[in-house]
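Please read the structure below before turning to the comments.
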4 protein chains.
Amino acid sequence: MNAEERKKQILEVAKRLFSKNGYYETQISDIVEAADIARGTVYQYFKNKDDIFATLLDSFYRQWEQAVSQGINEISIRTIDPVDYFRHRVRMTLVFFEGDREMCNIVLRMGHGLQRDFEAIMKKIEKRIYNLIMSDLELGIRAGNVRRDLNVELTANLLDGALLHIAYHYFVNKKGEKAAVDIEKLAGEVTAVFRDGIFCVPKQ
Amino acid sequence: MNAEERKKQILEVAKRLFSKNGYYETQISDIVEAADIARGTVYQYFKNKDDIFATLLDSFYRQWEQAVSQGINEISIRTIDPVDYFRHRVRMTLVFFEGDREMCNIVLRMGHGLQRDFEAIMKKIEKRIYNLIMSDLELGIRAGNVRRDLNVELTANLLDGALLHIAYHYFVNKKGEKAAVDIEKLAGEVTAVFRDGIFCVPKQ
Amino acid sequence: MNAEERKKQILEVAKRLFSKNGYYETQISDIVEAADIARGTVYQYFKNKDDIFATLLDSFYRQWEQAVSQGINEISIRTIDPVDYFRHRVRMTLVFFEGDREMCNIVLRMGHGLQRDFEAIMKKIEKRIYNLIMSDLELGIRAGNVRRDLNVELTANLLDGALLHIAYHYFVNKKGEKAAVDIEKLAGEVTAVFRDGIFCVPKQ
Amino acid sequence: MNAEERKKQILEVAKRLFSKNGYYETQISDIVEAADIARGTVYQYFKNKDDIFATLLDSFYRQWEQAVSQGINEISIRTIDPVDYFRHRVRMTLVFFEGDREMCNIVLRMGHGLQRDFEAIMKKIEKRIYNLIMSDLELGIRAGNVRRDLNVELTANLLDGALLHIAYHYFVNKKGEKAAVDIEKLAGEVTAVFRDGIFCVPKQ
DNA sequence: TATGAATGAGTATTCATTCAT
DNA sequence: GATGAATGAATACTCATTCAT
């Protein structure tokens, strides 16, 4: 096993344990035991326990950055139907969180409660999500698709909280249930609830 | 200072510190130092550190229970305008969280990330909020005020996440800012966003 | 309740708890709770926890002193049959220990293991018992009733250990059993085992 | 120093301190200081303080088990002279206790006073010693060597208490004295005291 | 690189004792 | 005398981190 693989292995194990037991209730002992490596090996690849956790958060942030930037540019928001665009954003968000339920759990459940240096990373993630929604809304207003009188700060927080909570509810809490979640249908229903409140479109 | 007051004093100090630094980063030493009492005194009133935290969560839950049960009964939901009722609920929720920003911070920020026995209390709080929204929606459907085709599970989570996130955003994150939050206005705007997506009312 | 009675009450309660749980596992809290008095009250009557225990040991020692000195003097040892005398001593010892099984338990079970100042008191008790047996044996030798070649140091220890162990076995360990112990019979049997080994008497 | 040696080292140091100061008056601090190791090292080898003590008691029990089972079987008791056999048992017991005076001190002095889980181990040791004596006596009765009318329960306790007390007296209390104890002579004298009271042999 | 024994600062908790009321 | 809230020194135990092999 080369260095890259070993580092990845440790991260995988740590992610599983952090997700299950939280940062403080996960010991280095648990990680080395689960990974079946020596205590010292962890410190060959990470400065300390914080570093492992921060690495996980950071890589999550990078993946999120990449995911939300995919296939969307200023052109498309002008050409496609704004409600379709909204639905697409919602679906993409849900798809992303579904992709890594353990990180989803870590970020959604314990993100806010983290002290130390993690708080900064979490704020960065939050800020990024928030800004994205904000810019979408502001673009929509300029394009005449979104109600001019909308309180964008409020709405951005509304959507932020709503989407993350749904992701948590369907992908973490209801994890054990048999029936797979139909994300397409979910995205449609979320859009339906918000459409008339946000967009300047004829009532269906 | 009698027993009741001393216990209350410890809880106040602990609440402030837990809110600021989280459960794990708050030491008994910090509490006794901030309260200017002896180490042992804490243990005259609480079994252990867990007990202090659980007492805070529990009392928060009890207050919330009382707050949401006030002035609303099955009659009123039939007589008052459903949208006004919704706005009222939103306002009450925000007023409640604004009333104790430290507990608001504790519950909203670190609630989910808590392991141990606290998880059970948090789940109870969440469940209670969720059920309240659910029952409101179901009553509305039966009364013909809420869209029949609404996915209530989804919408309850949507509203849950949205409201708590807004409370966190305006009462915890922006705490330092000068301008006081106009809760009445906020409640109106939240209602406006959700109204057409949830209720069977003529578009304004 | 006057001062004398209150002190006695505390001693009784403490004795019961020390006997049941040992010195270290008995807390002042346990004592005040069982006696239904305030914490501070204990310290009106005793200097500290040690003082309570030492008082118990000391009073036990005094009672023992008195008991063994009763009805025996140098005359009687010359006139009565030496074996009868031995049997009488054995019986008196057993009767004494049976009289206060809790102190019996404390002295026999935890006596040796005690550190601190108690060790001195225990040594005093042991020494007193040991010396008594020694002097009996030496008197017997001078009177020609006890074998001249007997190792009195060894025999005194033999008898000491044997008697205390029997007291412990029949009065503490077997405490719960229905059938009362027949001390008269016991004393006879103990005497029978030791008689020929110790005394210069014709074999029966 | 490998793991086995380190564990042994800690046990040795702990044994010395427990023997000197008792269980409750021996602190982990004392142990790590005496062993010149770090506080945490103790917990690499033992679950907690109880575990160290229990390990000592248990290993003592195991050694005793092995010692008493050596070289004696049902055959020998029938062929060798019963009094010689008795003397042999006494000598072996004394030799065993002399071999580890610190454990001797722990078991004989503080054994009975121990609460917690140690009580169970101590009872096991006591029971084992008691049963051994009992079975010897019963075998002797069946072989016609021991008086038929002997109260075996009483006698077993008599011998148990007597032997342990002698071991304590000669190996713990008089430890400092110059003249070494002549165990052979001691065993002979003990036998002489009990011989006529226990065995059916012509009076010498 | 990998190991895992050793480290020791840090933390919660206990409990005998005091003292103002 | 009686009370019991307050005290704080003492103690067991944890766990991230180091470093010689």
Side-chain angles (χ1 to χ4, degrees), chain A residues 1-3 6-7 10 23-33 35-52, chain B residues 1-7 10 24-32 35-52, chain C residues 1-3 6-7 10 23-33 35-52, chain D residues 1-7 10 24-32 35-52:
Chain A
M1 187 179 286
N2 66 32
R6 177 53 51 101
K7 188 162 187 173
I10 294 171
Y23 176 79
Y24 293 98
E25 308 265 0
T26 298
Q27 270 72 53
I28 293 290
S29 298
D30 301 329
I31 294 172
V32 300
E33 197 179 331
D36 199 29
I37 55 176
R39 298 178 80 73
T41 304
V42 169
Y43 292 88
Q44 301 274 358
Y45 296 94
F46 298 94
K47 227 169 95 271
N48 50 35
K49 189 182 163 187
D50 278 31
D51 189 27
I52 304 175
Chain B
M1 188 179 286
N2 65 30
E4 203 57 40
E5 288 168 345
R6 178 54 48 106
K7 188 163 187 173
I10 294 171
Y24 293 98
E25 307 267 358
T26 299
Q27 269 70 54
I28 293 290
S29 300
D30 301 330
I31 294 173
V32 300
D36 197 30
I37 54 176
R39 299 180 85 65
T41 303
V42 169
Y43 293 90
Q44 297 269 4
Y45 297 93
F46 299 95
K47 233 169 92 272
N48 50 35
K49 189 179 157 187
D50 277 34
D51 190 25
I52 303 175
Chain C
M1 188 180 286
N2 65 33
R6 176 57 49 104
K7 188 163 187 173
I10 294 170
Y23 176 79
Y24 293 98
E25 308 265 0
T26 299
Q27 269 72 52
I28 294 290
S29 298
D30 301 330
I31 295 173
V32 299
E33 195 179 332
D36 198 28
I37 56 175
R39 299 178 80 73
T41 304
V42 170
Y43 291 88
Q44 301 274 0
Y45 297 93
F46 298 95
K47 226 168 95 273
N48 49 34
K49 187 181 163 187
D50 277 32
D51 189 26
I52 304 174
Chain D
M1 188 180 287
N2 65 30
E4 202 56 41
E5 287 167 346
R6 178 53 49 105
K7 188 164 188 172
I10 294 170
Y24 294 98
E25 308 267 358
T26 298
Q27 270 69 52
I28 293 291
S29 299
D30 302 330
I31 295 173
V32 300
D36 197 30
I37 55 175
R39 299 180 87 66
T41 303
V42 169
Y43 293 90
Q44 297 269 5
Y45 297 93
F46 299 95
K47 228 168 93 276
N48 49 35
K49 190 179 156 186
D50 277 34
D51 189 27
I52 303 174

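Just so we're on the same page: letters track the sequence lines, and every chain starts at 1. Side chains included, hydrogens not; waters and symmetry mates left out as well; all remaining heavy atoms used.
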Excluding sequence neighbours, so at least two apart, what forms side chain to side chain contact (heavy atoms under 4.5 Å, CB included) with D:Glu4? D:Asn2
Among residues at least two apart in sequence or on other chains, which ones pass side chain to side chain contact (heavy atoms under 4.5 Å, CB included) with C:Glu33? none
How far apart are the closest heavy atoms of C:Ile10 and C:Phe46, and which atoms are they? CG2-CE1, 3.7 Å
Taking only residues two or more places apart in sequence or in another chain, which ones pass side chain to side chain contact (heavy atoms under 4.5 Å, CB included) with B:Ser29? B:Gln27, B:Arg39
5'-most by nearest nucleotide on DNA chain F - C:Ile37 or B:Asn2: C:Ile37
Distance check needed: F:dG1 C1' versus C:Phe46 CZ, whole Å only. 15 Å
Roughly, in whole Å, what's the span from CD in D:Gln44 to P in F:dC15? 13 Å
Test log, rule side chain to side chain contact (heavy atoms under 4.5 Å, CB included), inputs A:Thr41 and A:Val32: CA-CA 8 Å; A:Thr41 304; A:Val32 300; over 6 Å; no
Value for CG (C:Asn48) from CG (C:Asp51), rounded to nearest 0.5 Å, stands at 5.5 Å
Cationic tip of C:Lys49 within the cone over C:Tyr23's six-membered ring, i.e. under 6.0 Å and within 45° of the normal? yes
Judged by each residue's nearest nucleotide on DNA chain E, which is more toward the 5′ side, A:Tyr45 or D:Arg6? A:Tyr45
Nearest-angstrom distance from the residue atom CD1 of C:Ile31 to P of F:dG4: 17 Å
Taking only nitrogen or oxygen atoms into account, show me every contact under 3.5 Å that the protein makes with nucleotides 10-14 of chain F, one pair per line with its distance.
| from | atom 1 | to | atom 2 | distance (Å) |
| --- | --- | --- | --- | --- |
| F:dA12 | OP1 | D:Lys49 | NZ | 3.4 |
| F:dA12 | OP2 | D:Ile28 | N | 3.3 |
| F:dC13 | OP2 | D:Tyr43 | OH | 3.2 |
| F:dC13 | OP2 | D:Lys49 | N | 3.1 |
| F:dC13 | N4 | D:Arg39 | NE | 2.7 |

Between A:Tyr45 and A:Ile52, is the side chain to side chain contact (heavy atoms under 4.5 Å, CB included) condition met? List the steps. CA-CA 9 Å; A:Tyr45 296 94; A:Ile52 304 175; over 6 Å; no
To check you understand the geometry: which heavy-atom pair defines the closest contact between C:Ile37 and C:Arg6, and what is its length? CG2-NH1, 3.8 Å
Stem list for DNA chain F, please, built from Watson-Crick and G-U wobble pairs under 3.5 Å and keeping only runs of at least 3. E:2-21 with F:2-21
5'-most to 3'-most nt of DNA chain E touching chain C (<4.0 Å, heavy-atom partner on protein side) reads E:dC15 to E:dT18
